[in-house]
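In what follows, a single structure is set out as structure tokens and then discussed.
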Amino acid sequence: MSRRPRHDAVVVGGGVVGAACALALAREGLDVALVERQRPAAWSADAPDLRVYALAADGIALLDRLGVWAEVRAARVQPYRRMQVRDAGGGGELRFDADAYGREALGWIVEQALLTDRLWAALPAAGVALRCPAGVEALEASDDAVALRLDDGGRVAARVAIAADGAESTLRRLAGIGITRQAYGQRGVVAYVGTERPHEASARQRFLVGGPLAFLPCADGSSSIVWSLPDEEAERVLGLDDAAFGQALTRAFDGWLGEARPLSRRAAFPLRRQLADRLLAGRVLVLGDAAHVVHPLAGQGVNLGLRDVAGLAEAVAGSKRRGADWTRPHALARWARRRRSENAVAAWTFDGIQRVYASDDPLLTLARGPALGLAGRLPPLAQALWRRASGLAP
Ligand SMILES: Cc1cc2nc3c(=O)[nH]c(=O)nc-3n(C[C@H](O)[C@H](O)[C@H](O)COP(=O)(O)OP(=O)(O)OC[C@H]3O[C@@H](n4cnc5c(N)ncnc54)[C@H](O)[C@@H]3O)c2cc1C
């Protein structure tokens, strides 16, 4: 690979995390290319995307620095001012309130299609070179550069390649990075539903033996549900007619918001814990779902990915301030170490919570109810939990 690399960085995968990464690195003054197999569909206000994220404060801060949050916010978002967690086994309620922290909101509910739409709209002006539609097929690496062969017959070379191509990442595999994966045997069923009582800007979650059921508040008064269910149960629920689905949902949520009725089609995605063995191999970095897939019970998947991006942008800015080369191995290794450690802690924590709450062991059921209430009554613990979930904890 004697040719001089054309780009500083090539990002593979233009989902929320990859597009945010390309934009963040371009804003740091790097020459960036983005390779994406399929251009994301344009967002339409009349067709709400079923994939909805609860973005934490630090994710919003990143989008704001990238100059896209104002546009996303103006289009359609819903702040959630409260978070309430209950256990079907009884016990208390874990509750966080934005007022207690002097904040406008604990986080914001945003559709994935809206995020990608606004991120992609900002890419050309930031100088990001788009290679789309194009998929990565092969990787050649040398000491100072990487080159990717694309399935459109083209090639793209850069000093660093970044795998943001999702859970089944091709670039991660080409770089020889393995994964550990644990399938939960569960799927997350998602849909929009209407409820008898108003959501009052509160994100609610109820833990059941089969998995947690979350109702996230939406701007039009509806709720976006994520219902984690064992595979066969998810299959059954997907096949119910609307009336039966509404009844099952109302029962599973214990009528918390009164009767629930479906307003959209339903979809489901497989739930797993998956971690890349490392986040750096030579000049290939891995982030977003390519690096980690976690249980959706804490809504952290995309938030962790945005933290990977913020950390990388910070590392680049730090190197530049010191007049150092941002691609030097120990700088990239420091980023990779920090992010792998936070991602692993998150993945295992959510895994543990999932196991405790999925158990119908009477002792665990007895223990977890009061634990929720206790956490809710103890301000320092509640504050620590919330600060971590909202990305304000170190
Ligand atoms: C069906 C489904 C529903 C979900 N719903 C929710 C939800 O409601 N709430 C929630 O919090 N999380 C949800 N998740 C998880 C969430 O979508 C992920 O955490 C998040 O999308 C990760 O973003 P990402 O940018 O890292 O990866 P992705 O969103 O997976 O983006 C990867 C991108 O890479 C591209 N790509 C892949 N391979 C190549 C290649 N070889 N060359 C070029 N480009 C490539 C893909 O086209 C894609 O655009 C859902 C996941 C799925 C699969």
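Residue numbers run from 1 in the order of the sequence given. The figures that follow rest on heavy atoms only: side chains count, while hydrogens, waters and symmetry mates do not. Just so you know, ligand 1 is whichever comes first in the structure, and atom 1 is the first atom listed for that ligand. Nothing here was measured: the structure is a model prediction, and the numbers come from that model.
Distance check, rounded to the nearest 0.5 Å: CG of L30 to CH2 of W326 gives 5.0 Å.
Cation-pi geometry between R266 and F245 is met: the NZ or CZ atom falls under 6.0 Å from the ring centre, inside 45° of the normal.
Residue contacts with ligand 1 for V52 involve N, CA, C or O but no side-chain atom from C-beta outward (heavy atoms, distance under 4.0 Å). Residue L171 does not touch ligand 1, judged by heavy-atom distances below 4.0 Å. Of all the heavy atoms of T170, the ones lying under 4.0 Å from any atom of ligand 1 belong exclusively to the side chain. When non-hydrogen atoms are compared, ligand 1 lies under 4.0 Å from the backbone of A134 (N, CA, C, O) but not from its side chain.
Between E168, R172, R51, Q38, it is R51 that holds the heavy atom closest to atom 6 (C) of ligand 1. Evaluated by nearest non-hydrogen atom to atom 32 (C) of ligand 1, the leading choice among A164, G18, G13, A20 is A164. Considering G166, G15, P133, A54 only, the shortest heavy-atom separation from atom 27 (O) of ligand 1 involves G166.
In summary, E93 and R82 do not engage in a salt bridge, as defined by a charged side-chain N under 4.0 Å from a carboxylate O. Using a 4.0 Å cut-off between a side-chain N of Lys or Arg and a carboxylate O of Asp or Glu, R81 and E200 do not qualify as a salt bridge. Classification of E168 and R272 as a salt-bridged pair holds, one side-chain N sitting under 4.0 Å from a carboxylate O. A salt bridge does not link E28 to R65: none of the charged nitrogens lies less than 4.0 Å from a carboxylate oxygen.
Residue-ligand proximity, G135 to ligand 1, at heavy-atom distances under 4.0 Å covers atoms 42 (N), 43 (C). Distances below 4.0 Å separate heavy atoms of V136 from the following atoms of ligand 1: 40 (C), 41 (N), 42 (N). Near G288, the atoms of ligand 1 lying under 4.0 angstrom from a non-hydrogen atom of the residue are 26 (O). Within ligand 1, the atoms closer than 4.0 Å to a non-hydrogen atom of V17 are 23 (O), 24 (P), 25 (O), 26 (O), numbered from 1 in the order shown. Here is the list of ligand 1 atoms found below 4.0 Å of a heavy atom in V12: 42 (N), 43 (C). Within the listing of ligand 1, atoms 25 (O) sit less than 4.0 angstrom from a heavy atom of V16.
Test V110, L115, L55 against V77 for side-chain contact (heavy atoms from CB on, under 4.5 Å) and you get one pass: V110.
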Going by atom type alone, with no hydrogens or angles, which donor-acceptor pairs under 3.5 Å involve a side-chain atom of residues 209-224 and a protein atom two or more places apart or on another chain?
unit_1 : atom_1 : unit_2 : atom_2 : d
D220   : OD1    : S222   : N      : 2.9
D220   : OD1    : S222   : OG     : 2.6

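Within the structure, side chain to side chain donor-acceptor pair (under 3.5 Å) pairs that include any residue of residues 46-56 comprise Y53-Q112 (at least two apart or interchain).
Residue A268 has no N or O atom closer than 3.5 Å to an N or O atom of ligand 1.
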